[in-house]
Amino acid sequence: MTANVAASRLQDSGAYALELDSVARHFGALVALTGINMRIAAGERRAVLGSNGAGKTTLFNAITGDFLPTEGRIKFFGEDITDLPPHERIRRGLRRTYQISQLFGGLSVLDNIYLACRGVSRKRYSLIRPKPSDANRMQAESILHAVHLESVRDTPVSNLSHGQQRQLEIAMALGGAPRFILFDEPAAGLSPTERRDLIEILNALPAHIGYIIIEHDLDVALRVSEYVSMMHNGKLFKEGTPEEIENDPQVQEIYLGGGHG
Amino acid sequence: MNADVTQNPATPARNLLARIGTGHLVLAALLLAYPLVSSDFFLTQIGGYSLIFGMLALSLSLLAGYGGMVSLAQISFAGVAGYTVAIFGENNSNILGFGWPWWLVMPLALFFAATSSALIGWVSVRTEGIYTIMITLAVATAAFYFVRQNYTLFNGFPGYTGLRAPIVFGVNFRDPVPFYYMCLVAATLSYAAVLYAARSTFGLTLQAIRDNPRRMRAIGFDVTAHKVVAWFYAGLIAGLAGVLLVWFNGRISPGTINVAAAINVLIIAVIGGLKHPIGPFVGAVMVVLMQTFAIDIVGAERFNTLIGVFFLAIVFFSPDGILGLWGQLRQRLAQEDLRSRQ
């Protein structure tokens with residue numbers, strides 16, 4: 001990929017998926033985010049790196065509306081979504097995963113994914129049991145297949161292993177017709193094999209689906225992203241291609257502690 | 001060819017029976033045959049009354065077991081339905097009593113109960129856990145004092161008397177056997193509806209909201225709206241129980257919906273178990289039997305102590321109520337079975 005990935009993507013699609021205009025978030029006196037300006041083209045795949053407490057998850061929460069930004073505006077495919085409740089943002093094609101799995105422990109794996117498909121579809125209040133031929137049910141089955149969870153299809157989620165729960169966490173973001181996904185440390189706590197599977201799943205996503213991925217594991221982050229944003233103390237301080245970021249002396253100083261290969 | 005003809009019509013019926021399950025069929029047969037062996041007292045005071053309070057506890061169980069919202073106000077919604085019957089139907093109290101026919105009053109009573117439940121739900125879904133309990137306790141208490149002090153609409157302390165179950169097509173539902181079957185039909189409908197809807201799309205959303213409301217928002221659900229709809233359905237069941245309750249008592253007064261009654265519903269639901277819609281009915285039978293016969297065992301002054309001790313024992317040994325005990329027993333039997341085979 002060339003250095004100007006965002007620009008070339010923009011020419012392809014003609015739209016920004018996400019535009020953040022001086023977004024800030026304060027928790028009392030604590031400034032978790034400040035002056036974030038970000039433009040991400042439709043279909044672009046971006047990694048956000050930074051040490052613990054840099055504001056990465058807060059950034060996600062501001063975008064999805066889990067809590068609202070103190071200042072600034074957020075646009076999603078040209079529409080101002082700053083004041084929309086979370087579920088309305090999701091219905092416009094935004095999705096997210098969580099750093100700590102947020103699943104429905106009492107329901108089966110298939111029902112978890114089914115709800116993720118149904119949430120952006122009609123008949124959410126239906127008192128009829130979904131038939132196997134139901135469109136959302138069928139999409140849930142195919143997502144189940146894509147994330148390799150067929151063997152635990154009817155198992156209650158609280159009985160899954162950590163790796164399987166992380167896998168399901170990703171599946172939950174694929175329901176409906178996502179246009180842009182926020183992945184919050186999807187590889188946390190995964191075994192090397194599971195990491196390989198994860199990279200495979202991310203790279204197999206349809207080209208029109210863009211995402212931001214927060215990832216501590218540089219190997220994963222750099223293999224699934226075209227462009228990297230570095231965060232430190234609630235600010236964006238550097239953007240570039242994976243190669244530029246990896247070789248940047250300032251980045252190595254702050255994030256990698258200077259000693260990284 | 002002949003075999004085909006005989007088999008084809010039988011298959012759907014057999015499928016239906018298989019889906020209903022042996023346990024349900026045996027239970028249905030026992031409940032249908034119950035009037036053959038029981039006295040009028042056991043038919044209404046134990047049978048009918050248990051079914052009515054089972055429905056009240058089921059309405060709580062719908063909210064608490066599936067939605068994670070514990071409400072103490074279900075008896076108040078039953079009261080809304082009961083007072084609707086008194087005000088719009090006929091009563092002996094010479095106040096209001098518009099004399100509307102039962103088939104008009106009953107849907108109206110259910111509608112008022114369900115909407116008032118949805119309204120209280122809408123207020124209380126902003127809270128969680130203990131705060132939902134406190135808000136609904138406040139509602140139940142306020143409702144009790146309001147109807148006791150308001151004479152123009154609710155006839156205050158004495159309430160309304162002379163509320164009779166209707167006579168339909170010559171069947172007098174004031175008589176013990178028809179009244180019992182009416183309660184049985186209403187309870188079966190409520191039970192089957194909850195059992196079926198638990199696996200419906202809405203049922204799944206409710207359980208998912210109980211497990212993780214944050215994720216529900218993050219996959220596109222309006223969590224508040226789904227909770228309010230659940231309160232509406234719970235109010236519908238409570239309202240149905242409320243109508244039956246005033247026909248059972250023949251009257252409604254503030255005492256019917258006081259805080260003791262509100263807590264009674266919670267106790268029934270917890271003793272029976274919240275994990276399955278049969279739990280509230282099991283709990284209701286236990287509590288009604290105890291309330292009726294504890295006086296004979298320990299005397300009039302101590303019967304509440306006996307119920308309290310039983311409640312403590314159940315909660316202590318099985319947080320999932322009697323259903324939980326049954327589950328433990330089944331597990332143990334299965335283990336013994338495995339061991340004996342080895």
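Naming: A, B, ... by sequence-line order, numbering from 1 per chain.
Across all their heavy atoms, A:Ile209 and A:Arg45 have their closest contact at O-NH2, 2.9 Å. The two atoms that bring B:Val194 and B:Pro277 nearest to each other are CG1-CB, 3.9 Å, heavy atoms only. For B:Gly321 against B:Ile314, the heavy-atom pair with the smallest separation is CA-CG2, 3.8 Å.
Across A:Val120, A:Ile128, A:Asn136, the residue that shares the most heavy-atom pairs under 4.5 angstrom with chain B is A:Ile128. In terms of non-hydrogen atom pairs under 4.5 Å with chain A, the most contact-rich of B:Ala208, B:Gly220, B:Ala225 is B:Gly220. Of the listed residues B:Thr201, B:Leu206, B:Leu204, the one with more heavy-atom pairs under 4.5 angstrom with chain A than any other is B:Thr201. Per-residue heavy-atom pair counts under 4.5 Å with chain A were compared for B:Gln207, B:Met216, B:Arg214, B:Arg217, and the maximum is reached by B:Arg214.
Heavy-atom distances place no part of B:Ala198 under 4.5 Å from chain A, backbone and side chain included. Of the two parts of A:Ser126, the backbone and the side chain both hold a non-hydrogen atom closer than 4.5 Å to a non-hydrogen atom of chain B. If you measure heavy-atom distances from A:Asp66 to chain B, the contacts under 4.5 Å come from the side chain alone. Within the 4.5 angstrom heavy-atom criterion, atoms from both the backbone and the side chain of B:Tyr196 approach chain A.
Distance check: A:Glu88 CD to A:Leu94 CG gives 12.5 Å after rounding to the nearest 0.5 Å. The distance from the OH atom of A:Tyr114 to the OG1 atom of B:Thr205 is 9.5 Å, given to the nearest 0.5 Å. Atom-to-atom distance recorded for A:Arg124:CZ and A:Leu115:CG is 11.5 Å, nearest 0.5 angstrom.
Ring-plane geometry between B:Phe202 and B:His226 is classed as parallel, the angle between the planes falling under 30 degrees on a 0 to 90 degree scale with a further cut at 60.
Residues A:Tyr125 and B:Phe232 place their aromatic rings such that the two centres sit no closer than 6.0 Å.
Ion pair A:Arg166/A:Glu194 not flagged as a salt bridge, since none of the NZ, NE, NH1 or NH2 atoms sits closer than 4.0 Å to an Asp/Glu carboxylate oxygen.
Among residues at least two apart or in separate chains, salt bridge (charged side-chain N to carboxylate O under 4.0 Å, His left out) pairs with a member in residues 142-165 of chain A are A:Glu141-A:Arg153.
The stretch residues 173-190 of chain A places none of its residues near chain B, where near means some heavy atom under 4.5 Å from a heavy atom of that chain.
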